[in-house]
Amino acid sequence: MNKKAYLIGLISLLSLIVLTACSNSQDEPDNSGEQQTTETEATSSEHDGHEGMNHSSSGEVPDDLKEADNPKYEVGSKATIETDHMAGMNGAKATISGAYDTTVYTITYTPTNGGEKVEDHKWVIREELADVEQEPINAGSTATINASHMEGMVGATATITSAKETTVYMVDYQSTTDGEAVKNHKWVTEDELAPITK
């Protein structure tokens, strides 16, 4: 009788331990997915090539940059930004602060301050590149950057990844993510803007 009571007590105790363990594992939230998502977002933000971008600028442009004769969006007019070079840009209402006819380039370069390689940065214009032997610059060619849109950009060697002749715009806008006022942002292209519809 004592053995039977002992076995029943032992089985009950083991069952209680197993149930408690199961209950604890179910009660604890599984944060592994959340942590992985956060890490992925952080990694994406770090490597999107625009984390050191200067949103605003002084508004100064190269002396040889030609103002657009008949831009689709005139200086002082408004348009909707339809690009996401950086957070808070896409969908923002922009006021045009400058319009210029030039060739724009996407470039890949390694910052002079030791930062990670930046792939397909948009945009630099022809007048912001030095040591250029031909125009337009062919994809795969290199040039020295004279622009300071991002930290470590001035003096870096750029490899051209694409080029197109277009009207580029300098714009003022308010960030849709943090409400920051951005002045004289360089650059958005004509096809990255849309008329404001009511």
Side-chain angles (χ1 to χ4, degrees), residues 33-62 65 67-68 71-125 127-129 145-154 156 158 161-164 166-198:
E34 183 180 320
Q35 183 177 358
Q36 185 176 2
T37 301
T38 303
E39 288 173 358
T40 302
E41 288 171 355
T43 301
S44 174
S45 173
E46 288 168 5
H47 298 290
D48 67 0
H50 295 92
E51 65 274 6
M53 194 159 192
N54 300 324
H55 296 231
S56 296
S57 78
S58 66
E60 292 182 15
V61 298
L65 182 59
E67 289 187 7
K72 181 175 180 178
Y73 302 98
E74 295 181 359
V75 173
S77 68
K78 296 188 182 300
T80 301
I81 302 174
E82 293 189 330
T83 188
D84 58 354
H85 299 173
M86 63 189 72
M89 192 175 212
N90 196 20
K93 305 302 182 218
T95 300
I96 307 302
S97 54
Y100 308 91
D101 289 330
T102 187
T103 303
V104 294
Y105 297 93
T106 56
I107 58 171
T108 294
Y109 69 98
T110 300
T112 57
N113 61 358
E116 292 187 18
K117 186 177 185 179
V118 177
E119 302 275 355
D120 296 325
H121 170 81
K122 294 180 180 179
W123 302 95
V124 295
I125 59 174
E127 293 77 8
E128 293 173 327
L129 297 172
I145 307 169
N146 281 338
S148 58
H149 305 171
M150 297 175 65
E151 296 170 11
M153 184 179 250
V154 175
T161 53
S162 74
K164 67 176 175 178
T166 186
T167 301
V168 294
Y169 296 88
M170 187 162 55
V171 296
D172 300 340
Y173 68 95
Q174 187 169 357
S175 170
T176 60
T177 54
D178 60 13
E180 176 187 354
V182 178
K183 296 288 186 184
N184 301 315
H185 174 77
K186 302 170 185 171
W187 305 99
V188 293
T189 59
E190 194 158 277
D191 59 5
E192 292 174 331
L193 295 171
I196 293 177
T197 56
K198 293 182 180 179

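Please read these numbers as outputs of a predicted model, since none were measured by experiment.
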Undergrad: Applying side chain to side chain contact (heavy atoms under 4.5 Å, CB included), can you list everything that pairs with Ser97, at least two apart in sequence or on another chain?
TA: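 Met170, Asp172, Asn184.
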Undergrad: Would you mind reporting whether Val61 and Tyr100 have side-chain heavy atoms less than 4.5 Å apart?
TA: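 Answer yes - side chains close enough.
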Undergrad: When rounded to the nearest 0.5 angstrom, what is the spacing between CD in Glu82 and CG in Asn90?
TA: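 Glu82 atom CD to Asn90 atom CG measures 7.0 Å (nearest 0.5 Å).
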Undergrad: Output all residues satisfying side chain to side chain contact (heavy atoms under 4.5 Å, CB included) with Ala92, sequence neighbours left out; order by chain, then residue number.
TA: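 Once residues adjacent in sequence are excluded, the partners of Ala92 under the side chain to side chain contact (heavy atoms under 4.5 Å, CB included) criterion are Ile81, Tyr173, Thr176.
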Undergrad: Can you name the closest pair of heavy atoms from Val75 and Gly98 and give their distance?
TA: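 Heavy-atom minimum between the residues: CG2-CA, 4.0 Å.
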Undergrad: Tell me, please, which residues at least two apart from Thr80 pass side chain to side chain contact (heavy atoms under 4.5 Å, CB included).
TA: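 Thr80 satisfies side chain to side chain contact (heavy atoms under 4.5 Å, CB included) with Lys93, Ile196 once adjacent residues are dropped.
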Undergrad: Between His121 and His149, what is the ring plane arrangement, given parallel below 30°, perpendicular above 60°, and tilted in between?
TA: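 Rings of His121 and His149: tilted, as their planes differ by 30° to 60°.
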Undergrad: Starting at OG1 of Thr102, measure out to CH2 of Trp123 and round the result to the nearest 0.5 Å.
TA: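 Here the rounded value is 12.0 Å.
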Undergrad: Of all residues at least two apart in sequence or in a different chain, which pass the side chain to side chain contact (heavy atoms under 4.5 Å, CB included) check with Glu190?
TA: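 Once residues adjacent in sequence are excluded, the partners of Glu190 under the side chain to side chain contact (heavy atoms under 4.5 Å, CB included) criterion are Lys72, Tyr73, Thr166, Thr167, Tyr169.
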Undergrad: Taking Glu119 for the side chain and Thr108 for the main chain, is one N or O donor matched with an acceptor at less than 3.5 Å?
TA: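 Checked: no pair found.
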Undergrad: At their closest point, which heavy atom of Ala147 faces which heavy atom of Met153, and how far apart are they?
TA: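 So the minimum-distance heavy-atom pair works out to O-CG, 3.4 Å.
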Undergrad: Mind checking ring-ring contact (aromatic ring centres under 6.0 Å, His included) for Tyr105 and listing every partner two or more places apart, or none if nothing turns up?
TA: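 For Tyr105, no residue satisfies ring-ring contact (aromatic ring centres under 6.0 Å, His included) once neighbours in sequence are set aside.
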Undergrad: OG1 of Thr110 to NZ of Lys117: how many Å apart, nearest 0.5 Å?
TA: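 Result: 6.0 Å between the selected atoms.
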Undergrad: Please identify each residue that fulfils side-chain hydrogen bond (donor to acceptor under 3.5 Å, both in side chains) with Ser175, with sequence neighbours left out.
TA: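 Scan of Ser175 (side-chain hydrogen bond (donor to acceptor under 3.5 Å, both in side chains), adjacent residues dropped) gives Thr177, Asp178.
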Undergrad: Between atom OH of Tyr109 and atom CE of Met150, what is the distance when rounded to the nearest 0.5 Å?
TA: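 Tyr109 OH to Met150 CE: 4.0 Å, rounded to 0.5 Å.
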Undergrad: Locate the shortest heavy-atom distance separating Gly76 from Thr95; write the atom from each residue and the value.
TA: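 Looking at all heavy atoms of both residues, the shortest contact is O-CG2, 4.1 Å.
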Undergrad: Show the nearest heavy-atom pair for residues Leu65 and Asp101, with the distance to one decimal.
TA: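 Answer, listing the atom of Leu65 first, then Asp101: CD1-O, 4.4 Å.
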Undergrad: Kindly write out the residues that satisfy salt bridge (charged side-chain N to carboxylate O under 4.0 Å, His left out) with Asp191, not counting sequence neighbours, or none if the list is empty.
TA: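 Residues passing salt bridge (charged side-chain N to carboxylate O under 4.0 Å, His left out) with Asp191: Lys164.
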Undergrad: Heavy-atom count around Glu67 CD within 6.0 Å, excluding the residue itself: above 12?
TA: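 Open.
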Undergrad: Closest approach of Ile96 and Val171, non-hydrogen atoms and distance?
TA: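 Here Ile96 and Val171 meet closest at CD1-CG1, 3.8 Å.
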Undergrad: Is there a donor-acceptor contact under 3.5 Å linking the side chains of Ser162 and Thr106?
TA: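 Indeed, the side chains of Ser162 and Thr106 share at least one donor-acceptor pair under 3.5 Å.
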Undergrad: Between the main-chain N or O of Gly59 and the side-chain N or O of Lys183, is there a donor-acceptor pair closer than 3.5 Å?
TA: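 No.
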Undergrad: What's the spacing between Met86 CE and His185 NE2 if we round to 0.5 Å?
TA: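 Result: 4.0 Å between the selected atoms.
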Undergrad: Between CD1 of Ile125 and OG1 of Thr103, what distance do you get to the nearest 0.5 Å?
TA: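 Going from CD1 on Ile125 over to OG1 on Thr103, the span is 9.5 Å.
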